[in-house]
There are 2 protein chains.
Amino acid sequence: MPAPERTSLEAILAAGTELLEADGPAGLTMQAVAGRVGVRAPSLYKRVRNRRALIALVAASALDELEMRLREGRPVAGSGGGDEETVIEPIAELARLAHTLRAFAHERPAAYRLVFAPGEESGLEVERLRAASAPLIEVAAALAGPDRALDAARTLTAWATGFIGMELAGAFRLGGDVDRAFAFGIERLGAAIAS
Amino acid sequence: MPAPERTSLEAILAAGTELLEADGPAGLTMQAVAGRVGVRAPSLYKRVRNRRALIALVAASALDELEMRLREGRPVAGSGGGDEETVIEPIAELARLAHTLRAFAHERPAAYRLVFAPGEESGLEVERLRAASAPLIEVAAALAGPDRALDAARTLTAWATGFIGMELAGAFRLGGDVDRAFAFGIERLGAAIAS
DNA sequence: ACCTGAACACCGTTCAAGT
DNA sequence: ACCTGAACACCGTTCAAGT
């Protein structure tokens, strides 16, 4: 006697994403997710290995969304079949990427933290993160040249994630214009990398 | 009938610190701490409000230790009563601070993550963190001038904590010389801030 | 004055039993 | 084939009862 499906992986993922943002990682419990999709907690294990796997799923989908935004509106590789990229104005592109990342962090702080948390809670593979940051690596290469591209990209991502992490932690609550400090960092780093 | 004290706040703090480093935040349970100090879990509540407070204690003591190291070997204010500081070679001092921070992170990664995690798990007040980073703010002022000191200090701390966070997360596992990338960042940022 | 066992409210997870 | 209640092993935390 088959039983009808009362929920779906998509619904579970959506519920997990909402709960993470609303109540933090601690609020993302199997019982809360189950309640949100109208099922009992044990049923979740039909679609998801365990809580860790569900959190990894939430992190992965957040990273997908972020990567899409980073690629959006970006100069694309020549459609004529050539493998050369036409990156125009790398400094402007760097600024766009940085602001896109920061906007995502403001919009979905808990998801951002999950993705960029130093630690293994997100369950994201490093390789996946690196693939998502390809746009930044390209800008770094355009700015610093192929030899220094890796060091430059690391410097840029380190600064950006560090800055946003501090901002989310409330480290900038005490005075000063945070937007200005972010612009300051982009400008100075861009110049430093290019030099 | 008074009962003899079978443990102490110091022992509890030490046990918490050890457990955090050995088993991560999830391993820092009241039962594990109690077991380590030779007592039952409920007894801990005589010395500590709850688990969160204990974690905050661990974070605070780690920050104390880090601050000590950052101040160690640093040029001090003139002992003649003047209020002018004699910071010699700000670039070298910046490098020393950055390497001290990174060495601490390598030595006590879990404690480092707890202190610098974006979020409120550490229970640290922002003001306390800012006080601990005073040495860096001084270097930033020496390099960038008083007007830009705050922006410069934020750029530096953002980069350093971002870099180390990525390193601890294993983001640099794939090729490249991490030490060189760190040195690259110090050099370029120092120059960028000073310009 | 501190320590303890017992209890409570929560977790995540497994599994036999239902449909 | 999916869903469920019951059960288990763990948490943090409270509290009356011991010494």
Side-chain angles (χ1 to χ4, degrees), chain A residues 1-60 110 113-114 117 119-124, chain B residues 1-60 110 113-114 117 119-124:
Chain A
M1 240 36 107
E5 310 195 352
R6 255 178 267 233
T7 184
S8 67
L9 186 58
E10 292 76 41
I12 291 169
L13 174 56
T17 301
E18 290 165 23
L19 279 166
L20 174 70
E21 218 57 66
D23 305 326
L28 174 30
T29 70
M30 298 302 271
Q31 322 216 12
V33 170
R36 223 163 235 255
V37 301
V39 103
R40 297 294 190 167
S43 300
L44 299 179
Y45 292 84
K46 279 281 153 182
R47 332 238 176 217
V48 137
R49 174 136 52 170
N50 52 29
R51 181 172 178 267
R52 272 192 54 178
L54 173 52
I55 290 177
L57 223 56
V58 172
R113 269 192 285 251
L114 181 61
E120 316 90 36
E121 3 186 2
S122 75
L124 285 174
Chain B
M1 241 36 110
E5 309 194 353
R6 255 178 266 230
T7 183
S8 67
L9 186 58
E10 291 76 40
I12 291 169
L13 174 57
T17 302
E18 290 165 22
L19 279 166
L20 174 70
E21 218 57 65
D23 305 328
L28 174 31
T29 70
M30 297 302 270
Q31 320 214 14
V33 170
R36 223 164 237 255
V37 302
V39 101
R40 296 294 188 164
S43 300
L44 299 179
Y45 293 82
K46 280 281 154 183
R47 333 238 174 216
V48 138
R49 173 136 52 170
N50 51 28
R51 181 172 177 268
R52 272 191 53 179
L54 174 52
I55 289 177
L57 224 56
V58 172
R113 270 192 284 251
L114 181 61
E120 316 90 36
E121 2 186 2
S122 75
L124 285 173

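Note on naming: letters A, B, ... go to the chains in the order of the sequence lines (proteins, then strands), and numbering restarts at 1 for each one.
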Correct closest heavy-atom pair for A59(A) and L124(A) would be CB-CG, 4.1 Å
Between M30(B) (CE) and dC10(C) (P), how many Å, whole number?
19 Å
Rounded off to whole Å, could you give me the CZ-to-C1' distance for the R51(B) and dT14(D) pair?
18 Å
According to a strict under-4.0 Å criterion, is S43(A) in side-chain N/O contact with OP1 or OP2 of dT4(D)?
yes
Looking at every heavy atom in both A56(A) and G123(A), which two are closest together, and how far apart are they?
CB-CA, 4.2 Å
Check whether any side-chain N or O of R40(A) sits under 4.0 Å from OP1 or OP2 of dT13(C), and answer yes or no.
no
Figure out the CD/P separation between E5(B) and dT4(C), and round it to whole Å.
13 Å
Using a 4.0 Å heavy-atom cut-off across all strands, classify R47(B) as base, sugar-phosphate, or nothing.
sugar-phosphate
Student check: side-chain heavy atoms of E5(A) and R47(A) closer than 4.5 Å:
yes
Tell me the interatomic distance from K46(B), atom NZ, to dT19(D), atom C1', rounded to whole angstroms.
14 Å
Using whole Å, report how far CD1 of I55(B) lies from P of dC11(D).
14 Å
Looking only at the side chain of Q31(A) (C-beta and beyond, no hydrogens), which of the listed nucleotides dC2(C), dC11(C), dA6(C) gets closest?
dC11(C)
Can you identify which nucleotide, out of dC2(C), dT4(D), dC11(C), has its nearest atom closest to the T29(A) side chain?
dC11(C)
Watson-Crick or G-U wobble partner for dG18(C), using a 3.5 Å limit on both distances?
dC2(D)
Correct closest heavy-atom pair for R51(B) and T29(B) would be NE-CA, 4.3 Å
Check the distance between dA1(C)'s C1' and R6(B)'s CZ and give it to me in whole angstrom.
12 Å
Output the rounded distance in Å from CG (L54(B)) to P (dT13(D)).
10 Å
Just to be sure I understand the rule, does T7(A) reach a base, reach only the sugar-phosphate, or reach nothing, if contact means heavy atoms closer than 4.0 Å?
sugar-phosphate
S122(A) and I55(A), any side-chain heavy atoms less than 4.5 Å apart:
no
Any R52(B) side-chain nitrogen or oxygen under 4.0 Å from OP1 or OP2 of dT13(D):
no
Could you check which of dT13(C), dC3(C), dC3(D) has an atom nearest any side-chain atom of Y45(A)?
dT13(C)
Give none if dC10(D) has no partner; otherwise give the nucleotide forming a Watson-Crick or G-U wobble pair with it, both distances under 3.5 Å.
none
